[in-house]
Amino acid sequence: MDFLHTILGDDIQAGLLIILNLIVIESLLSVDNAAVLATMVMDLPKNQRDKALKYGIIGAYVFRGICLFLAAWLVKIWWLKPLGGLYLLYLAFDYFRKKNSKNNTEEEEVDKSKSWIYKSTVGLIGTFWATVALVEVMDLAFSIDNVFAAVAFTDHIWLIYIGVFIGILAMRFVAQAFVKLMEKFTFLETVAFIVIGVLGLKLTSSLFTHFQPNSPISHLIEGEKTDLFVSIFTVAIFILPVLSSLLFNYPKKHKSDIQVADKAEEVLEKS
């Protein structure tokens with residue numbers, strides 16, 4: 001029992017709920033990450049494309065592993081939390097901006113030509129290795145997302161370790177199941193970015209709690225009830241629409257040709 005309290009915290013049930021949240025979030029982030037990796041190598045010849053994807057997948061594992069070891073150090077740097085929150089808010093904002101764009105009818109691809117890393121390396125090492133370099137930089141950014149998402153739920157270091165480790169497993173195993181789920185329930189991608197936005201707000205609020213630690217608002221934000229509410233909200237916002245879709249066909253359940261799921265599945269099958 002002492003071991004469970006060490007790993008899950010004082011409230012074992014709350015700790016288990018956080019782990020369930022982390023499985024959902026990390027898996028959906030892995031789907032999106034895999035789709036981006038696939039997009040970045042699409043302009044390469046087919047024989048080079050698979051090789052670049054393999055390097056990208058290896059990089060994803062390596063950087064997530066590094067973040068696993070650095071997690072205890074990263075969470076002690078207080079300004080990383082609001083910075084990570086702003087980044088998660090940007091991800092959510094960027095998703096909804098593109099979703100509502102009138103020009104969003106065509107397949108979206110990453111424009112490598114606008115990347116400083118790609119432009120500065122392509123002339124020196126060629127298209128293939130410049131693409132691989134850009135993919136690895138994206139892997140690093142995704143791995144930091146992995147830590148930020150875990151920290152948004154808890155400050156308990158063992159739960160953060162579990163969250164980062166889930167991110168490693170999700171990239172290899174769990175995310176494929178979520179690809180199938182997203183193909184059937186297409187609204188889950190939007191739900192995922194709503195949750196990412198909520199987590200971004202929670203992390204960004206640490207800027208206030210850092211400078212006003214004795215404020216009643218700070219106690220509310222940092223309180224266990226708020227953490228529990230965020231955990232329950234995250235689970236409910238995924239489960240309730242799926243149940244409603246199954247029972248009442250609202251939101252509508254249908255197979256679609258969403259490119260995100262197709263690209264992600266292709267990458268994850270190679271991992």
Side-chain angles (χ1 to χ4, degrees), residues 25-71 73-74 80 83-84 87-88 90-91 94-95 98 106-150 163-179 182 189 192-193 196 258-271:
I25 292 298
E26 297 297 351
S27 299
L28 284 162
L29 281 175
S30 293
V31 171
D32 200 50
N33 297 169
V36 171
L37 294 184
T39 300
M40 292 175 70
V41 303
M42 287 304 291
D43 63 333
L44 294 174
K46 190 171 182 179
N47 61 323
Q48 292 185 353
R49 197 180 302 164
D50 289 349
K51 194 175 179 180
L53 276 179
K54 287 179 181 178
Y55 285 134
I57 292 164
I58 291 170
Y61 294 147
V62 170
F63 284 123
R64 278 165 171 76
I66 291 172
C67 283
L68 183 64
F69 289 107
L70 295 180
W73 174 72
L74 289 172
L80 281 179
L83 187 65
Y87 181 62
L88 292 182
Y90 166 76
L91 290 179
D94 191 54
Y95 169 79
K98 290 175 180 175
E106 295 181 1
E107 181 179 345
E108 180 187 344
E109 293 190 2
V110 176
D111 189 353
K112 295 189 296 187
S113 63
K114 295 181 180 179
S115 167
W116 175 84
I117 295 170
Y118 184 81
K119 288 190 293 186
S120 61
T121 56
V122 67
L124 297 172
I125 57 179
T127 304
F128 174 76
W129 288 110
T131 299
V132 170
L134 188 58
V135 165
E136 298 304 336
V137 170
M138 294 300 295
D139 278 336
L140 178 59
F142 293 151
S143 300
I144 294 172
D145 289 353
N146 187 211
V147 175
F148 285 152
V164 179
F165 185 67
I166 288 170
I168 296 172
L169 293 180
M171 194 69 188
R172 178 63 183 87
F173 299 108
V174 189
Q176 274 185 291
F178 275 81
V179 169
M182 285 173 64
E189 186 182 11
F193 279 93
I196 288 170
I258 55 172
Q259 289 92 355
V260 169
D262 293 339
K263 290 177 181 177
E265 188 171 11
E266 178 186 350
V267 174
L268 294 166
E269 283 176 352
K270 297 178 185 296
S271 63

With sequence neighbours left out, the residues meeting side chain to side chain contact (heavy atoms under 4.5 Å, CB included) with Ile66 are Val62, Phe63, Leu70
Residues passing the ring-ring contact (aromatic ring centres under 6.0 Å, His included) test with Phe128, sequence neighbours excluded, are none
request  = List the steps, then state whether salt bridge (charged side-chain N to carboxylate O under 4.0 Å, His left out) holds for Lys54 with Asp50.
outcome  = CA-CA 6 Å; Lys54 287 179 181 178; Asp50 289 349; over 6 Å; no
By ring-ring contact (aromatic ring centres under 6.0 Å, His included), Tyr55 pairs with (sequence neighbours left out) Trp129
If you count heavy atoms of other groups shown closer than 6.0 angstrom to CZ of Phe165, is the number above 12? no
Here the gap from Leu44 atom CG to Thr131 atom OG1, rounded to the nearest 0.5 Å, amounts to 4.5 Å
